[in-house]
Q: 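Sharing a structure below in structure tokens format, with a few things to ask.
Reckoned from all heavy atoms, side chains included, excluding hydrogens, waters and symmetry mates. To find a chain, count down the sequence lines: A is the first, B the second, and so on, and within it residues start at 1.
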Protein chains: 2
Amino acid sequence: MQSIIPESKAKILEAAIPLFAEAGFNGVSMRSLATEVGLNPATLYHHFQDKHTLYMAAMSFVFARRAETLSVALSAEATPEERLKKFAEAFCRLIHDDPDFNKLIQREILAGDNGRLQLLASQVFHEFFTSLLSLCGELAPGFDSHMLAISIVGLVVYHYQITPLRQHLLGRSPAHDFPEKVATHVVRLLLRGVNTG
Amino acid sequence: MQSIIPESKAKILEAAIPLFAEAGFNGVSMRSLATEVGLNPATLYHHFQDKHTLYMAAMSFVFARRAETLSVALSAEATPEERLKKFAEAFCRLIHDDPDFNKLIQREILAGDNGRLQLLASQVFHEFFTSLLSLCGELAPGFDSHMLAISIVGLVVYHYQITPLRQHLLGRSPAHDFPEKVATHVVRLLLRGVNTG
DNA sequence: GTCTATATGCTGATAGAC
DNA sequence: GTCTATCAGCATATAGAC
């Protein structure tokens, strides 16, 4: 499954990922990318057929890195509550440590290309989401597993998505960015709701 | 507070909103916008100084429309539980009925311009978020109100944000898009967590 | 207030030398 | 595999007629 990528090609992709995450497909020119890598713009066309091909290669590159990480935390043998806790911690850490991953997914969803979303769903999220669905089924048989799974992911992802805006909202503290803090909050809310006790 | 906008100017802004929501600032050219409105590109520059000014005017236009709606559902006199329910329903309906609003906020967050996010926070979300914080304080004194408020918003918003991707994930049903369904799910999860009963 | 015509620069992409 | 040189097209924006 793991394809071998030549060094220079990988160097271009590594540079492309943060640029595309920050500015989107239209916001990154082949010139600016070439400058970033320290190459001539024409050289990029030796490694990739065109800009779109390069973009897709960069997406595959970053997504392949993370698809594995996502499933691991869910597959451990433990009680549903324990697995939820482990998953929340691993997921918060992942999203916190690799902001590009989150941004690129957001941009893909916004772009709304159905073929690409299909690819994303099947190649990156299928195994992860299947495991999460089964966890949801064990954890809360009375809930719609699909909605619950989306809610769990949303609770984590949204916290980090909205971070740049949160800086300007009331009650904000730097501690709110710590993965452990977010994980604890999310798990507590999921298990018992707002009922204190 | 409500500024008077000439008809032709308003017509341009109304056309610009869905275009910017769909393709982002870089993805919309003055040419394509002009074509959409049925005007010559040069005419746009009679109404707006430049593209950035036009974009900001479009943002103010769509946000001013919604800032009011957001606060209303929270200000009613009722028990915290009842207010949460009312808010969830109104919020789900708003996000469902006006996808552009959600997309434009997402794009603003991704763009990450701190000045513009500050403006968004103070002019659009301040009153709304303050009310939501106070509801959170009444509802769950044991929780960090800031985190809880973000979680409530995230549960709703993320559900609709991820809709294009959800189409390709397991367990999906068209009913998952209905605002009432999402609101019921979110409120149930918030009040009692996954504990069935 | 809307148009025609146009300036200027940046874009993705190619041909061909080394 | 990397470069120089260059193309055609589209971008934002302006000047000025009607």
Side-chain angles (χ1 to χ4, degrees), chain A residues 3-62 103-104 107-108 110-113 115-116, chain B residues 3-62 103-104 107-108 110-113 115-116:
Chain A
S3 59
I4 293 121
I5 297 172
E7 197 190 343
S8 47
K9 217 164 175 172
K11 213 169 120 187
I12 295 168
L13 295 178
E14 291 278 13
I17 288 164
L19 291 183
F20 281 130
E22 208 55 46
F25 183 83
N26 287 322
V28 180
S29 69
M30 295 297 268
R31 282 172 151 77
S32 64
L33 173 55
T35 304
E36 188 75 19
V37 192
L39 286 174
N40 191 281
T43 307
L44 300 183
Y45 289 91
H46 173 79
H47 295 283
F48 303 94
Q49 195 183 353
D50 55 25
K51 187 185 178 184
H52 187 252
T53 306
L54 193 157
Y55 174 77
M56 290 303 288
M59 298 298 282
S60 300
F61 197 65
V62 69
K103 283 182 189 170
L104 288 171
R107 290 197 181 278
E108 279 299 291
L110 275 171
D113 182 305
R116 262 151 56 188
Chain B
S3 60
I4 293 122
I5 298 172
E7 198 190 342
S8 46
K9 219 166 173 169
K11 214 168 117 187
I12 294 168
L13 295 178
E14 291 277 13
I17 289 163
L19 291 182
F20 281 130
E22 208 55 46
F25 183 83
N26 287 322
V28 180
S29 69
M30 296 297 266
R31 280 171 151 80
S32 64
L33 173 56
T35 304
E36 188 75 19
V37 193
L39 285 173
N40 191 282
T43 307
L44 300 182
Y45 289 91
H46 172 79
H47 295 283
F48 303 94
Q49 196 183 352
D50 54 26
K51 187 185 176 182
H52 187 252
T53 306
L54 193 156
Y55 174 77
M56 290 303 288
M59 298 299 281
S60 300
F61 197 64
V62 70
K103 284 182 189 169
L104 288 171
R107 291 196 181 277
E108 278 300 291
L110 275 171
D113 182 305
R116 262 150 57 187

Q: Rounded to whole Å, please give me the gap between NE2 in H46(B) and C1' in dA15(D).
A: 15 Å
Q: If you measure from CG on L33(B) to CE on M30(B), what distance do you get to the nearest 0.5 Å?
A: 6.5 Å
Q: Using side-chain heavy atoms (C-beta onward) and a distance below 4.5 Å, is F20(B) in contact with M59(B)?
A: no
Q: Give S29(A) one of three labels, base, sugar-phosphate or nothing, depending on what nucleic acid heavy atoms sit under 4.0 Å from its own.
A: sugar-phosphate
Q: Would you kindly give the CG-to-P distance between D50(B) and dA11(D), to the nearest whole Å?
A: 17 Å
Q: Given dG12(C), dT12(D), dG1(C), identify the nucleotide with an atom nearest to the side chain of H47(B).
A: dG1(C)
Q: Give the rounded distance in Å between these two atoms: CG of N40(A) and C1' of dA17(C).
A: 13 Å
Q: Report the residue (Q49(A) or S32(A)) whose heavy-atom-nearest nucleotide on DNA chain C is the more 5′ of the two.
A: S32(A)
Q: Could you check whether any side-chain N or O of S60(B) sits under 3.5 Å from a backbone N or O of M56(B), counting only pairs where one atom can act as donor and the other as acceptor?
A: yes
Q: Rounded to whole angstrom units, what separation is found between the NZ atom of K51(A) and the C1' atom of dC10(D)?
A: 13 Å
Q: Hey, are the side chains of N40(B) and Y45(B) touching, using non-hydrogen atoms and a 4.5 Å cut-off?
A: no
Q: Any side-chain N or O of T43(B) less than 4.0 Å from the OP1 or OP2 oxygen of dG1(C)?
A: no
Q: Round to the nearest Å and state the distance from L54(A) atom CG to dG12(C) atom C1'.
A: 12 Å
Q: Could you say whether P41(A) or Y45(B) is positioned toward the 5' end of DNA chain D, judged by the nucleotide with the nearest heavy atom to each?
A: P41(A)
Q: Might you point out which heavy atoms bring N26(B) and K51(B) nearest each other, and give the distance in Å?
A: CA-NZ, 4.3 Å
Q: Separation of L33(A) atom CG from dG12(C) atom P, in whole Å?
A: 10 Å
Q: Less than 4.0 angstrom between a side-chain N/O of R31(B) and OP1 or OP2 of dT12(D), yes or no?
A: no
Q: Starting at atom CD1 of I12(A), determine the distance to atom C1' of dG1(D), rounded to an integer number of angstrom.
A: 10 Å
Q: Reckon V28(A) touches a base, only the sugar-phosphate, or nothing at all at heavy-atom distances under 4.0 Å?
A: sugar-phosphate
Q: Using atom CZ of F48(A) as one end and atom C1' of dT2(D) as the other, report the distance to the nearest whole Å.
A: 15 Å
Q: When you measure from the side chain of A42(B), which nucleotide among dG12(C), dT14(D), dA15(C) comes out closest?
A: dT14(D)
